[in-house]
Amino acid sequence: MLPEAENDLICHTGPGTPMGEALRRYWLPCLLITDLPENDGEPVRVKILGEELIAFRDTDGKVGLINERCPHRGASLFFGINQECGIMCIYHGWKFDVNGDCVDMPSDLPGSIFKDKVHINSYPCIESAGMVWTYMGPIDKKPAEPDLIFNRLPVNQVIATRVPVYCNYVQSIEGNIDPSHLGTLHRRIVDWTLETDDTDRPGTPSPNLRSYILAKYPYSEIQVQDTAYGFRVMGIRPTDAGNRHIRITTHVMPVCSMIGSPGRAGGAFIIVPVDDENCMRFFVRHNPDRPFSNPERESTLAENMMMDPTNPKIRLKRADNDYMLDRRVQKTTILAGITPNAEQDYAVTESMGPIYDRSHEHLYAADGGIIRFRQIMVSAAKGIREGIDPPGLDPSIPFHLIRSEETIVKADDDPWLAGADAGESAKPGERIW
Ligand code: FES
Ligand SMILES: [Fe+2]
């Protein structure tokens with residue numbers, strides 16, 4: 001459980017809140033690059049950390065992210081005209097560039113220099129890994145640009161998707177660092193009838209063996225290791241041949257979880273608060289070895305951006321249609337009765353309520369990653385009040401080497417040493433980087 005005061009502390013992220021100020025110290029994705037497809041194209045509403053903003057791509061291709069309300073008398077710049085390196089408010093014509101400077105005020109008297117004194121709040125943006133990222137904190141604290149593995153790959157080796165999740169961002173993140181739900185929430189009925197195979201030996205398990213192990217051993221021993229960028233959580237399961245199956249999910253502060261998966265290709269979830277009762281889930285797939293094929297790209301987009309065809313701004317499967325739960329499927333095919341996997345996650349995390357009250361829950365051994373995440377977030381929020389910078393911002397951290405992992409190790413191997421990649425290994429409890 002988490003005391004009510006600490007729950008409030010980490011769940012509220014609007015301007016001026018401690019957690020909100022801590023989150024504003026990091027680059028956060030706010031849009032897909034494809035949301036702003038052309039220069040001088042349509043402006044787009046963005047709500048992030050409780051702030052209502054407008055994004056636009058100017059004549060030169062630069063992305064601007066500014067307050068939605070015009071500083072003159074508050075009209076929405078969503079209705080503005082985006083042309084000639086700025087967005088013009090349609091009420092009296094005040095025009096702002098991507099830096100927030102007022103560059104034109106045609107309704108002011110000739111010769112006036114009033115426009116030179118007007119500025120609208122604006123946030124710097126960069127484009128990387130298929131996403132537009134913004135930094136909303138104090139300019140003198142702006143960290144280096146995001147440099148995870150997918151930030152370094154060519155665009156054809158990355159697929160980014162974005163979907164709204166209708167609950168507080170902490171609930172969504174807690175699902176991502178919770179290895180123990182795989183054997184239940186995401187289980188197929190057929191998984192109970194699978195058989196082991198010859199990949200039950202040190203190395204990458206086959207997809208069949210992976211499903212077999214998760215179904216046969218629905219429990220996992222959880223170990224957590226602090227790192228300079230956040231922490232890693234490992235779920236350890238036995239295998240029939242006496243080895244150990246390990247999954248390491250890596251949490252990069254503040255909101256990025258690289259999900260334990262076999263092989264070099266992997267996926268990450270980045271959960272960004274919209275307001276206190278909604279968040280955006282960015283899912284980033286990357287393949288360091290080759291470009292994704294068109295069918296791979298299309299199936300990833302279709303599966304991870306399942307929007308309502310009658311209103312593409314909202315998800316197709318949501319609480320008011322019970323996520324299209326099918327009780328027959330639940331008995332015969334998929335334990336959750338809901339498809340696909342991501343929708344299973346939304347159903348359970350949103351069912352906890354818009355902001356879950358953690359003061360009455362009952363945590364057990366499986367929740368080790370969640371407990372550590374909360375501790376780090378509570379301390380980051382408290383630290384901000386005392387002028388202490390939040391964790392994971394040291395520029396010497398080799399972010400591009402951070403990996404998740406899923407593999408099989410021998411029973412007497414140190415799973416952290418044997419299972420880690422790219423030099424990122426250390427004994428349990430030992431802090432790395
Ligand atoms: S309200 Fe925008 S120019 Fe007047
Ligand atoms: Fe899940």
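All figures in this text were calculated on a predicted structure; none of them were measured in a lab. Every number for a ligand or one of its atoms is a count from 1 in the order of the listing. Numbers for residues simply follow the sequence, beginning at 1.
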Handout entry: Donor-acceptor side-chain pairing of Asp240 and Thr196 below 3.5 angstrom
Key =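 Checked: Asp240/Thr196 side chains show no N/O donor-acceptor pair below 3.5 Å.
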
Handout entry: Between Asn39 and Thr59, a side-chain donor and acceptor under 3.5 Å
Key =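 No pair is found: no donor N or O on one side chain lies under 3.5 Å from an acceptor on the other.
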
Problem - Non-neighbouring partners of Phe231 that pass ring-ring contact (aromatic ring centres under 6.0 Å, His included), sequence neighbours left out - result: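 ring-ring contact (aromatic ring centres under 6.0 Å, His included) check on Phe231 returns His251.
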
Problem - Minimum-distance atom from the Fe ion (ligand 2) among N, O or S atoms of Asp345 - result: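 For Asp345, the N/O/S atom sitting closest to the Fe ion (ligand 2) is OD1.
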
Practice task
State the atom name: nearest N, O or S atom of His186 to the Fe ion (ligand 2).
Solution key: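 Answer by atom name: NE2.
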
Exercise for the section: Could you tell me whether Glu174 and Arg374 have a side-chain N and a carboxylate O separated by less than 4.0 Å? Expected result: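 A salt bridge is present here (some side-chain N lies under 4.0 Å from a carboxylate O).
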
Handout entry: Cationic N near anionic O, under 4.0 Å, Asp308 to Arg318
Key =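 Answer for the salt bridge query: yes.
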
Exercise for the section: Count, excluding waters, the protein N, O or S atoms that are closer to atom 4 (Fe) of ligand 1 than 2.8 Å. Expected result: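 For atom 4 (Fe) of ligand 1, the figure is 2.
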
Handout entry: Results of salt bridge (charged side-chain N to carboxylate O under 4.0 Å, His left out) for Arg152 - residues two or more places apart only
Key =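 Per chain and number, Arg152 pairs via salt bridge (charged side-chain N to carboxylate O under 4.0 Å, His left out) with Asp147.
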
Can I get a per-line list of side-chain donor-acceptor pairs under 3.5 Å for residues 73-81, giving both atom names and the distance, sequence neighbours left out?
{"unit_1": "Arg73", "atom_1": "NH2", "unit_2": "Tyr91", "atom_2": "OH", "d": "3.3"}
{"unit_1": "Ser76", "atom_1": "OG", "unit_2": "Glu68", "atom_2": "OE2", "d": "2.5"}
{"unit_1": "Ser76", "atom_1": "OG", "unit_2": "Phe78", "atom_2": "N", "d": "3.0"}

